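Since the structure is predicted, the reported quantities are computational estimates derived from the model, not experimental observations. Every chain is numbered from 1 and lettered A, B, ... according to where its sequence line falls, protein lines coming before strand lines.
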Number of protein chains: 2
Amino acid sequence: MKITLTHATEDYLKAIYAISVDGASASTNALAERLKIAPASVTGMLKRLAEASPPHVDYRKHHGVTLTPEGERAALKIIRRHRLLETYLHEMLGFSWDEVHEEACLLEHVISERFESRIDELLGHPTHDPHGDPIPDLNLVMPQEASVRLSALRPPQKATIQRVDAKDGDLLRFLEGKSLVPGSKLEISAYSPFDGNLTILLNQQEMILGPTITRHIFIEEN
Amino acid sequence: MKITLTHATEDYLKAIYAISVDGASASTNALAERLKIAPASVTGMLKRLAEASPPHVDYRKHHGVTLTPEGERAALKIIRRHRLLETYLHEMLGFSWDEVHEEACLLEHVISERFESRIDELLGHPTHDPHGDPIPDLNLVMPQEASVRLSALRPPQKATIQRVDAKDGDLLRFLEGKSLVPGSKLEISAYSPFDGNLTILLNQQEMILGPTITRHIFIEEN
DNA sequence: ATTAGAATTTAGGGTGGACTAAATTATTTT
DNA sequence: AAAATAATTTAGTCCACCCTAAATTCTAAT
């Protein structure tokens, strides 16, 4: 059975990829929640994705789906576009950190190869978007990414922020205001047990951050 | 009856506007041809546009449609986006003259207000796109446009190209190659009757152009 | 091993937007 | 004015994508 890859299918593939990064299979409910779609509707789409030629997912009833190589390729292509667009919107059009996601979600389904390669070029083939998320290269290979959370560090320790994992606009604006963005260097001067607060020094400024915040910040030790 | 303005409806409104610039009413067939859609399908959409609240077109069976004020407003909004995008793609992303149209057709349905105003700002609030077509301002008012065709001039005469009305890629590339683009100044040195050829001088270069070409070039005399 | 509750799928419906084929209305020609 | 032709609309389908309600299947607790 044939299939036409549309905006909707691209969103599904992206969501499946995001949910199953660690090898798990994406469940109907998890997809439904992430995509804000009724579970019953998800089932229908998963069937279509599985019956596509070539199939984009492996689908076993009641056991969720995993991406086929073809599906993963398609997902990575969209993720590349999304992150390139976020970078582009931030760097070249002056969109703020918390605005880029929504706009990129719309544009990613629409831009041409040419547009994609043009902004890639103008940005100097970036490897990470404004949030620090890795951008797959032209061969759809993901650059290696930092996976140590700021919340896991203990003083004394110096670190550089690599990535911030948050989608909430308020949190993003808060982090930006405190310069808690990829590239910033910081030093941990104290750890408070029980509440998990960290005292850190950044730009000669001291601040105390709770684990609700530090959990979302991924760093590289140095 | 309610209506949701989608990509498709925007394309219809744009097409209706383009066909009826001179006060004529847009016929079903003309719209069908322009949009590459079967006439029967057009009828259906026109009904929906007419029954929208507020109505976007006036529709009388067998007599085509005209835009209501609401419909014209919507059409101008898309046209503004389209032409701003064409200008932006050309000036800032290095798209060639003949590539911008297609890409703009995709993006125009998707970009946010913010995106629109950002590129408008970066471009310095341009009044004309790369083809010389006028860009409606923020209040959706069209700047005045030149309406004298190069084919109507006779020597001796000096003129400046204001606008080029062509959608064919081959023709666009030809014109660009000869610097027959908005802003270029030229001088008419000879007119050949019967075939209508004009001999013109542009950048110290002489060339002879037939009316098939000069008809598409709009100028201002000087 | 049964059963309650959660997850998932089936069944049936709706909307936007396109299609073809057939019927109708306008227009033009004779 | 009638007939031929062109333009338009109706009627009937189809597909992608979403929905709700009801049925099913899986899982976990007893």
Can a side-chain donor-acceptor contact be found between B:His216 and B:Asp165 if the only test is distance below 3.5 angstrom?
no
Nearest-Å distance for atom pair NZ/P, residues B:Lys47 and D:dT9
8 Å
Side-chain H-bond candidate by donor/acceptor type, B:His109 with B:Glu10, under 3.5 Å
yes
A:Leu49 atom CG is separated from D:dA16 atom P, nearest whole Å, by 11 Å
Under a 3.5 Å cutoff, is there a donor and acceptor pairing between the side chains of B:Asn29 and B:Ser27?
no
Remember a base hit wins even if backbone is also touched, and classify B:Thr28 as base, sugar-phosphate or nothing at under 4.0 Å, heavy atoms.
sugar-phosphate
Between B:His63 (NE2) and C:dT25 (P), how many Å, whole number?
12 Å
Without decimals, in angstroms, what is the distance between B:Leu46 CG and C:dG16 C1'?
15 Å
By the 4.0 Å heavy-atom rule, please label B:Ala38 as base, sugar-phosphate, or nothing.
base
Answer yes or no: does a side-chain N or O of B:Tyr59 lie under 4.0 Å from OP1 or OP2 of D:dT8?
no
To the side chain of B:Ala40, which of D:dT9, D:dT27, D:dT8 is closest?
D:dT9
When the distance from CE of A:Met45 to C1' of C:dT9 is rounded to whole Å, what number comes out?
17 Å
Which of B:Ile200, B:Val164, B:Leu172 passes side chain to side chain contact (heavy atoms under 4.5 Å, CB included) with B:Leu180? Answer is B:Ile200
Proximity to the side chain of B:Ser41 - top-ranked nucleotide from D:dT9, D:dC18, C:dC19:
C:dC19
Is any side-chain nitrogen or oxygen of A:Tyr12 closer than 4.0 Å to OP1 or OP2 of D:dA16?
no
Using atom CD of B:Glu51 as one end and atom P of D:dT9 as the other, report the distance to the nearest whole Å.
13 Å
Heavy-atom nearest nucleotide on DNA chain D for A:Lys61 versus A:His7: which residue maps closer to 5'?
A:His7
So for atom CZ, which belongs to A:Arg60, do other residues, nucleotides or ligands contribute more than 12 heavy atoms lying within a distance under 6.0 Å?
no
Rounded distance in Å - CG (A:Leu35) to C1' (D:dC18)
12 Å
Relative to the 5' end of DNA chain D, which residue comes earlier, A:Ile37 or B:Gly64, by the nucleotide with the nearest heavy atom?
B:Gly64
Separation of B:His62 atom NE2 from D:dT5 atom P, in whole Å?
20 Å
Residue A:Asn29, side-chain atoms from C-beta onward, closest of D:dC18, D:dA7, C:dA7:
C:dA7
